[in-house]
Amino acid sequence: MNMVAKLNNDITPDGSEYETVRQVIELITEDYRDQPSLETIAARLSQSPTQLQKTFTRWAGLSPKAFLQAVTLDHAKRLLREEAMPLLETSIEVGLSGPSRLHDLFVTHEAMSPGEWKAKGGGLTIRYGFHPSPFGVALVMATDRGLAGLAFSDLGDEAACLDDMTCRWPNASYVEDAEATAPYAERVFEPGRWSSEQPLRVVLIGTDFQVEVWESLLKIPFGRAVTYSDIANDIGRPKAMRAVGAAVGANPISFVVPCHRAVGKGGALTGYHWGLTRKRAILGWEAAHA
């Protein structure tokens, strides 16, 4: 299936704001040992230091320097150290009054039946639309049962992003309908609208094993991280770390099902389907909002 995404307008917030953020994150990540100053970063991007500081702080709630500290390996290790108990026990321990906001508090999910999965989307109508997000262009996909897909793209790569997602369920019927998907985008990317009283409905379309892994991801508290081995232990498959990694990478509802919170042994930031820079951006954004 080869579907073409058509965008009539530049939908990235404030024009190229995320593009600026992306470039800053890439630069400070690559040149971390040199500890580049704000002036050096601004000069590399042909911007004034003052404007760059304002743009980045408006996006992240942190200065570029503080953001860099939030996405270092040491920060990932701290997240892991804080996760000292099994995922389910942590979710119970934090509870409604805890300091970390859990995705379980605002997401209610159901899984497609094995038969529906084997049909590869046959009989499903999936509506989709492209929307602005803090992390570039977001492709939002929904069925009448809830949010089914969330992917990210840079401007100009929307068609490839759509192909990536539609190939997962090739027998589904796809309808471009940004009006129908806009409420999902608003709920997902506006923390003020996260509410246990009005949970976001999502539907997980995958194999039984994949759904087990994705349900485990939903237990990870906001602002925390776990290793792939933690997830494998949580689902009772301690030796299936490679399969767990593949299932994490195949997660179709990025950000909401927080695959970005899965890290390698020792806290290493491993790959991310929508780009490692975007993974760093999401983790840093969460650190600012935790």
Side-chain angles (χ1 to χ4, degrees), residues 1-3 5 12 18-19 21-22 25-26 29 71 76 103 107 109 111 117 120-121 126 128-142 147-170 172 174 181 184-185 188-189 202-207 209-218 220 225-232 235 240-265 267-286:
M1 164 174 257
N2 184 20
M3 303 192 66
T12 301
Y18 175 72
E19 178 61 20
V21 169
R22 183 187 65 78
I25 293 171
E26 286 185 346
T29 299
V71 296
H103 271 257
V107 170
H109 68 277
W117 162 247
K120 297 182 178 181
I126 298 179
Y128 71 90
F130 291 92
H131 302 277
S133 88
F135 316 111
V137 180
L139 170 59
V140 179
M141 311 180 84
L147 180 69
L150 177 57
F152 295 107
S153 169
D154 295 323
L155 281 173
D157 295 331
E158 296 87 0
C161 178
L162 182 58
D163 280 343
D164 184 311
M165 293 297 289
T166 56
C167 285
R168 302 173 189 228
W169 313 298
Y174 293 90
T181 54
Y184 288 101
V188 169
F189 298 117
V202 304
V203 56
L204 304 177
I205 309 175
T207 66
F209 180 82
Q210 287 175 328
V211 169
E212 276 191 277
V213 171
W214 300 338
E215 288 176 335
S216 183
L217 290 172
L218 282 168
I220 307 174
V226 302
T227 65
Y228 296 101
S229 60
D230 290 330
I231 297 170
I235 66 173
M241 286 182 289
R242 187 180 296 274
V244 164
V248 170
N251 168 34
I253 314 179
S254 298
F255 188 73
V256 173
V257 177
C259 53
H260 58 277
R261 297 181 195 156
V263 299
K265 187 177 181 180
L269 293 183
T270 51
Y272 185 62
H273 191 79
W274 308 112
L276 193 54
T277 296
R278 190 168 271 113
K279 181 172 183 172
R280 290 190 175 99
I282 295 173
L283 288 171
W285 185 87
E286 288 190 342

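The structure displayed is predicted, hence computed values, not measured ones.
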Is any side-chain heavy atom of Pro252 closer than 4.5 Å to one of Trp169? yes

Hey, mind stepping through Val244 and Ile235 against side chain to side chain contact (heavy atoms under 4.5 Å, CB included) and telling me if it holds? CA-CA 10 Å; Val244 164; Ile235 66 173; 4.1 Å; yes

Mind checking whether Leu283 and His260 have side chains closer than 4.5 Å, heavy atoms only? yes

Of all the heavy-atom pairs spanning Val257 and Trp214, show the shortest one and how long it is. CG1-O, 3.7 Å

Working to the nearest 0.5 Å, report the span between CE of Met241 and CG of Asp230. 10.5 Å

Passes side chain to side chain contact (heavy atoms under 4.5 Å, CB included), Leu204 versus Glu215? Steps please. CA-CA 9 Å; Leu204 304 177; Glu215 288 176 335; 4.1 Å; yes

Would you check, one step at a time, whether the test side chain to side chain contact (heavy atoms under 4.5 Å, CB included) holds for Val256 with Tyr184? CA-CA 11 Å; Val256 173; Tyr184 288 101; over 6 Å; no

Output all residues satisfying side chain to side chain donor-acceptor pair (under 3.5 Å) with Arg278, sequence neighbours left out; order by chain, then residue number. Asp154

Nearest heavy-atom neighbours spanning Gly271 and Lys279: O-NZ, 3.9 Å

Less than 4.5 Å apart, any side-chain heavy atom of Leu139 and any of Asp164? no

Shortest non-hydrogen contact between Ile220 and Pro258, atoms and distance: CD1-O, 4.4 Å

Step through it carefully: locate the ring centre of Phe135, locate the ring centre of Trp274, and say whether they are under 6.0 Å apart. no

Heavy-atom closest pair, residues Thr181 and His131: OG1-NE2, 2.6 Å

Given side chains that start at C-beta, do those of Glu19 and Leu155 come closer than 4.5 Å, heavy atoms only? no

For Tyr228, enumerate each residue passing the side chain to side chain donor-acceptor pair (under 3.5 Å) test, keeping only those at least two apart in sequence or located in another chain. Thr270

Measuring centre to centre across the rings, with the benzene-like ring taken for any Trp, is Phe189 within less than 6.0 Å of Phe255? yes

Shortest non-hydrogen separation from Gly206 to Val211 and the atoms involved: O-CG2, 4.0 Å

Between Glu158 (side chain) and Gly156 (backbone), is there a donor-acceptor pair under 3.5 Å? yes

When every non-hydrogen atom of Ile205 is compared with those of Ala148, the smallest separation belongs to CD1-CB, 4.1 Å

Do Tyr272 and Thr277 make a side-chain contact, defined as non-hydrogen atoms from C-beta onward lying under 4.5 Å apart? no

For the side-chain contact (heavy atoms from CB on, under 4.5 Å) test, which of Leu147, Thr166, Leu150 pairs with Met141? Thr166

